[in-house]
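No hydrogens, no waters, no symmetry mates; every other heavy atom, side chains included, goes into these values. Source: prediction; values computed, not measured.
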Amino acid sequence: MSEKREEDLKTNFIYTMIKEDLEKGALQGSPVHTRFPPEPNGYLHIGHAKAILLNYGIAQDFNGKFNLRFDDTNPIKEEQEFVDSIKEDIKWLGADWEDRLFFSSDYFEVKYQFAIRLIKAGRAYVCDLNQEEIRDYRGTLTEPGKESPYRNRPVEENLDLFERMRKGEFPNGSRVLRAKIDMASGNLNMRDPVLYRILHAEHHRTGDRWCIYPMYDFDHPFSDCLEGITHSLCSIEYTDHRPLYDWIVDNAVELMPEEVKYRSRQTEFARLDMTFTVMSKRKLRRLVEEGFVDGWDDPRMPTIAGLRRRGITPQAIADFQQRVGVSRADSTVDLALLEHCIRQELENTAPRLMVVLDPLKVVITNWPDDKTELCQMENIPGNESAGSREVPFSREIYIERDDFMEDPPKKYFRLAPDREVRLKGAYVIRCDRVVKDSEGNIAELQCSYDPQTRSGSDTSGKKVKGVIHWVSIKDATMIDVNLYDNLFTVENPEEDDEKDFISHINNQSLVVSEDIPAEPAIADVPAGSRFQFMRKGYFYLDPGINNRNKPTFNRIVQLRDSWAKMKK
RNA sequence: UGGGGCGUGGCCAAGCGGUAAGGCACGGGUCUUUGGAAUCCGCAUGCGUAGGUUCGAAUCCUACCGCCCCAGCCA
């Protein structure tokens, strides 16, 4: 990518803001410091990849630092299993947190101390209202709330109660610690938000050491302050939490200056949405739990694990993220952009192989029965360093069924009766006869080759328009292929609130093809490698399901097909 | 009907008072032993709408319209 292009891509409002901060000296010498704060309660998807690469990219571009911090303040939903998968996914994407792997739960003790200082300052109180009462007292979107009867409890009583909450003297839900802000605020987040709740639950890291846990709004800004995060990026729906974020930061700076490394600021940006898929955790879970896919890492899922198994590269995802850009406007990016990024990369890196996905037998009638000739073919056209290979050619071959038409339309320039076509890397053949079975289906083609037309030493002067791929039958290696397509048939499966998104599932999203003939070179290919099956698409030898006797390839993406477009 | 956010071509997205970048998609040409790739050309007299300020407005002001988010002891 040229420098010019790199510059263009980074003209987003966050980069502009950071540059301004740096020019103004607003960071007071601190390095630019970002973080990615996942909750370990599920799998990461491509939307998270946008956030990860944005945060990591900023740290890189401004010579700063990037932290990974698990937001593990809710022991009921969080598990070690997700910590592991999230770390793996982020590493795979190429974001490096170096030695800065943190957990919100690392700071539970300091946070408890901070809460105590808030109480002492008269800015937080223990509230005995139950959940339903708190909701009632909160008011509605259009009416102000009422103050809790416990709001003006003496500091000493609050301190005592809060300490006993920690000791486990009270059951779940019986009391909470709340900030004393403004029950009449138009912003519901400021109506005395809950800071701590009682949860007698085993935490994946702290075990049973705690039975009170901080809420996100209290925890997150404070964690940012402790880690010295300068730019706390999050998605748009947190915009109305920003006043509360700032309230916490202000109090942290005032009440716990010795602990605060930086007065962090929150900036929101639009989350990523894409056509032909769903992104919400709830919907993805339904796909998994109701068996529409084979798990979180099913290659049709927009999860990082799914994209990885599909064969998509981290480079392609990074390129995609760059091209999508960053703004505050709700947006749904065209899947075609991701596909473009994938093809763009694989075009220059994936070796070519010939595989016939839907075989039709062709007999070269003027080719000797027992003769095999080796055709030299480049692995990546135009890239000599990628080397070449020998592909055996013989009397009986397979071609794609749709590379022949008995009664071709005007602009069809592949094989047809009495027409010629070039077999890629080999000879020009002519179709002399069509053999049909008893039901009238085309069973075999009888063709003749022109010896003058050998690839690379063609003396015939023939100019044939069509070039098709082929596989020698007796030399073929059989493989299995998973032909993946979009999981949904419509661009936006969640558009219609009345209709369940499940009803838009594409029942052709996975077509399994077994015993597909491929050129013999495919037998020696290492798991985890990617290829272009000529004229068909890019494929990935899935290491997860590799059977050495019969390898299984996942289709990553099809090649662009202007013929298919023309037919429409 | 409270608070907040957002509206620039089909989809993203620059632009920050000097006369609409770029990418994807789309259409067309060249080239091609992948109908791939590459390459060239085209694609908003227009920036949600209506007024206003100004020599000059996507950018400033006013009003209106539309979409999204918020009433978890989730994050």
Practice prompt. Report which part of the nucleic acid Gly456(A) touches: base, sugar-phosphate, or nothing (heavy-atom distance under 4.0 Å, all strands).
Written response: base
Worksheet item: Starting at the 5' end of RNA chain B and moving along, which residue's nearest nucleotide shows up first, Lys411(A) or Val326(A)?
Response: Val326(A)
Worksheet, complete the sentence: Between OH of Tyr125(A) and C1' of C73(B) the distance, given in whole Å, is 13 Å
Worksheet, complete the sentence: Looking only at C12(B), A75(B), U33(B), the nucleotide nearest the Arg197(A) side chain is A75(B)
Worksheet item: With rounding to whole Å, what would you report as the distance between A21(B) and C31(B) at their C1' atoms?
Response: 29 Å
Fill in: Nearest-nucleotide comparison on RNA chain B, the residue closer to the 5′ end among Val176(A) and Asn187(A)
Asn187(A)
Worksheet, complete the sentence: Using Watson-Crick geometry (N1-N3 plus N6-O4 or O6-N4) or G-U wobble (N1-O2, O6-N3), each under 3.5 Å, C6(B) is paired with G66(B)
Worksheet entry | Residue Thr142(A), side-chain heavy atoms: nucleotide from G35(B), C73(B), G2(B) that is nearest | G2(B)
Discussion item. Under 4.0 Å, heavy atoms only, any strand: does Ile468(A) hit a base, just the sugar-phosphate, or nothing?
Written reply: nothing
Discussion item. So, under a plain 3.5 Å distance rule, would you say the side chain of Glu237(A) forms a donor-acceptor pair with the base of G5(B)?
Written reply: no
Discussion item. Any side-chain to backbone donor/acceptor pair from Glu519(A) onto Met354(A)? Under 3.5 Å, distance only.
Written reply: yes
Worksheet item: Just checking Lys536(A): base, sugar-phosphate only, or nothing, at a heavy-atom cut-off of under 4.0 Å?
Response: nothing
Practice prompt. Identify which nucleotide among G2(B), C73(B), C24(B) has an atom closest to any side-chain atom of Arg138(A), counting heavy atoms from C-beta outward.
Written response: C73(B)
Worksheet item: Is a donor-acceptor contact shorter than 3.5 angstrom present between the side chain of Arg323(A) and the base of G22(B)?
Response: no
Worksheet item: Just checking, Arg328(A) and Phe269(A): is the charged tip under 6.0 Å from the six-membered ring centre and within 45° of the axis?
Response: no
Fill in: Nearest to side-chain heavy atoms of Leu188(A), which nucleotide of C24(B), A71(B), C74(B)
A71(B)
Discussion item. Quick check on G72(B): syn or anti? Syn means the glycosidic torsion is within 90 degrees of zero.
Written reply: syn
Worksheet item: Are there more than 12 heavy atoms of other residues, nucleotides or ligands under 6.0 Å from atom CZ of Arg271(A)?
Response: no
Practice prompt. Identify the residue among Lys536(A), His469(A), Arg414(A) that makes a side chain to side chain donor-acceptor pair (under 3.5 Å) with Glu400(A).
Written response: His469(A)
